[in-house]
Amino acid sequence: MVVNIVLDLAVLVMMAILFWLPIRYRDNITRLGYQNPAVFTQLGISFIFLIFLLDILLQLNIPLPAFISNPLGNSLSNTDRLHIVISIGIIAFALFILLNKIFSNINSSIRDLENDRDRLEFELNKREQLEKMVHDRHMLESEELHYQLSVQREFINTFFDTAPAGLAIMDSRCRLLNANHTFLQATGVDAQQLLGHLLSDALPQIDETMRESLLHPEGPDKIYSTEILVQQKNKNTRRTVLTCFPISVEPKNIKPGWGVILFDVEDRRQLEERLRQAQKLEAIGRLAGGVAHDFNNLLMVIQFASDRLLRIVGSDEKAHIELRDVIKATESAGALTRQLLAFSRMQVLEPRTVNLQRALNEIKLLLERSLGTNIKVKIDIKEPFLVRVDPVQLDLIVLNLAINARDAMPGGGQLTIRCKSRKLESRDIIEQEAIIPGEYAVLSVTDTGTGMDAQTLELIFEPFFTTKGRHEGTGLGLATVHGIVVQSGGTIRVQSTPGSGSTFEVFFPLIPNKIEEPETTDEHPVQHVQHGQTILLVEDEPKVLSLMSLALTDAGHKVLTAATSKKALEIAYETKGNFDLLLTDVVLPGISGLDLANRVTGEYPRMPVLMVSGYTADNAEIREIADSPYYFMQKPFQPIELVNKVNSILIEAATKVE
């Protein structure tokens, strides 16, 4: 009975093992290619059930078929049967251990394989990610490079198209392949008519020598350049420099071509011409200034000597006439010298705040008398524009412009003078104008005369240039106007066309909200001056010193004379400033007259100073004299003019002391 139970239990254990094994190694069996592991369980159970059934039949002694009973036989004892069952159990258990070990190894190998697979998948994913990153970066770099190339290409195209110089490319046979807008505009040819054609078709001005040089160059680096005149679409002719340089392209099998630069030099030529003109003016000015000092001293000697002779000859009428002719000639010579100094900007101005409206209305009567009855003068100034200018020079400017207009209207006409304010920006100032941006009063003088052509306009301010006949003018009028205006801090412009009259515009710096300076006069009656006042006279020209001293002595003054500033300082220190006026020339050997005046007034602040000069070469000195409190007279002048000027200064000084 016990044996049977053990056998039954063994059979049940084997059934359980056979039932559990497929479940335990389900994944392994599936990996082997069997999609349904339950089949193994069913087969195992069926096999154990068959054994269990045989065992029951044997125990019941039921006869079995020979192929079943013979191997086992009924003669087996329970012990043999037990041994068989135990053997089967051991075999089953060993099979279980073996299968478990096999499947465990398989599982371990599978796990290793899965780990390797996971690692390989990770590495593969990582590599794919790296490849993707490399690809993305390559694409990004490619896009960035493409963008940069497109930007550079666009930049180069824009540079090529918008360059201020004409640029073109042509092949080795001088056929144009490309040209920018400036080149097309300069040549006046459309792109369709230009590209593919010879350079000489666009620029027929090129000479045959250059054509041959471009077709058969002397060397690979030879550059060819020439200056030509190009007529544009608007019929204007511009001076242009044409430069052709070789272009070498890699690879070597590509034929080289030519780069073409067409550069407009017309403006530069005009600037060079203006520079030459300015240098010529400066040279003439220096010449005039160099002569003016000595020449004015000579005129002074002639004038003062002629004045004394007039007093000596008494009632000799013939002598009077001749001497007055001499004086008149010296006055004309002095005026000519002043004109030379004016256009060369080397005269000393006495600027004051002037009301243009009042000044021009006061000069209207003089203009009408000077221009004649067949020219109508119209002054249209509605505001009191205030400017700082020498009033005498302002009259000279207006008179010169009016006389120039009169000569342009031989049959009569109208002269219109207007004034308006204008603000000049940096872009409004022409290159040759030496003025700064700001508010300006613009005095315009317009005539209805014959007008001027472009060639005349270029030369109009040149000294000694005139359109009048010989002996009809000096050619210094407009040059004088130009010099005075520029020296006053302004500029002058002119607009004119033949047959349509001319307009001169004079720009003076505008003074806003300033009270006009009161009028002063140099004319004072001599009889109001007390005689016996002392004057320290400093002049390096002996004859001029002697004659000026005589004129002042005849007027009742005591005169202390000095030929140098050093001598004048010694006299000033010896007398302890016991004199009433310092009268000195500006140009002196050693210490200048201006430095002398500064030293004397530094020691004696109330000392009035009258400075005289026929010329000063230092523009800084001119400005310093103009801005100083010293009085000034331009040589040459008449003895009576000197006496009246001295008397007026002495009266004014005495009034201040009182």
Side-chain angles (χ1 to χ4, degrees), residues 145-276 431 453-455 457-458 497-498:
L145 181 60
H146 179 72
Y147 173 74
Q148 291 180 0
L149 289 175
S150 64
V151 169
Q152 291 180 2
R153 184 166 54 250
E154 184 66 23
F155 178 80
I156 293 172
N157 291 337
T158 303
F159 166 77
F160 184 80
D161 291 335
T162 60
L167 302 178
I169 300 172
M170 61 184 182
D171 61 17
S172 58
R173 305 306 299 168
C174 297
R175 288 189 297 268
L176 291 165
L177 305 177
N178 197 2
N180 69 349
H181 176 71
T182 307
F183 190 92
L184 298 175
Q185 189 177 28
T187 56
V189 182
D190 296 333
Q192 293 79 3
Q193 301 173 341
L194 186 68
L195 301 184
H197 293 75
L198 295 175
L199 178 65
S200 56
D201 294 338
L203 299 171
Q205 303 90 336
I206 302 175
D207 57 31
E208 189 63 31
T209 303
M210 187 167 185
R211 291 195 192 99
E212 289 298 321
S213 299
L214 294 176
L215 292 173
H216 306 288
E218 297 177 7
D221 299 325
K222 181 68 175 179
I223 298 176
Y224 299 94
S225 184
T226 186
E227 189 173 285
I228 58 177
L229 294 175
V230 177
Q231 188 174 19
Q232 300 177 328
K233 285 184 177 180
N234 55 8
K235 304 302 181 182
N236 289 337
T237 301
R238 306 284 295 181
R239 191 175 300 275
T240 307
V241 172
L242 173 68
T243 302
C244 298
F245 57 94
I247 301 176
S248 180
V249 183
E250 296 293 343
K252 296 296 185 180
N253 58 350
I254 297 179
K255 291 184 178 181
W258 292 95
V260 182
I261 301 177
L262 199 62
F263 191 75
D264 191 325
V265 295
E266 184 67 30
D267 295 336
R268 189 184 70 185
R269 292 292 186 189
Q270 291 179 2
L271 288 176
E272 291 174 352
E273 183 62 31
R274 293 192 189 106
L275 177 60
R276 284 193 291 270
E431 293 183 11
D453 56 22
Q455 185 177 2
L457 289 175
E458 290 181 1
T497 53

Locate the shortest heavy-atom distance separating [X] from [Y]; write the atom from each residue and the value.
X      : Y      : result
Leu176 : Ala168 : CD2-CB, 4.0 Å
Leu198 : Arg175 : CD2-CG, 3.9 Å
Ala165 : Asn180 : O-ND2, 3.1 Å
Met210 : Ser225 : CE-N, 4.2 Å
Thr182 : Ala163 : OG1-O, 2.6 Å
Val260 : Cys244 : CG2-SG, 4.1 Å

Asn178 side chain vs Ile169 backbone, donor-acceptor pair below 3.5 Å:
no
Are the side chain of Asp264 and the backbone N or O of Pro164 linked by a donor-acceptor pair below 3.5 Å?
no
Tell me, do [X] and [Y] make a side-chain contact under 4.5 Å, heavy atoms counted?
X      : Y      : value
Glu227 : Thr240 : no
Val265 : Arg239 : yes
Ile206 : Leu214 : no

Hey, what do you get for [atom1] ([X]) to [atom2] ([Y]), rounding to the nearest 0.5 Å?
X      : Y      : atom1 : atom2 : result
His216 : Ser172 : NE2   : OG    : 10.5 Å
Ile261 : Phe245 : CD1   : CZ    : 4.5 Å
Gln148 : Phe155 : CD    : CZ    : 14.0 Å
Leu199 : Phe183 : CG    : CZ    : 5.5 Å

Just checking Phe263: does its CZ atom have more than 12 heavy atoms from other residues, nucleotides or ligands closer to it than 6.0 angstrom?
no
Report the C-alpha distance between Leu229 and Arg238 in whole Å, list the side-chain angles of each, state the deciding distance to 0.1 Å, and finish with yes or no for side-chain contact (heavy atoms from CB on, under 4.5 Å).
CA-CA 6 Å; Leu229 294 175; Arg238 306 284 295 181; over 6 Å; no
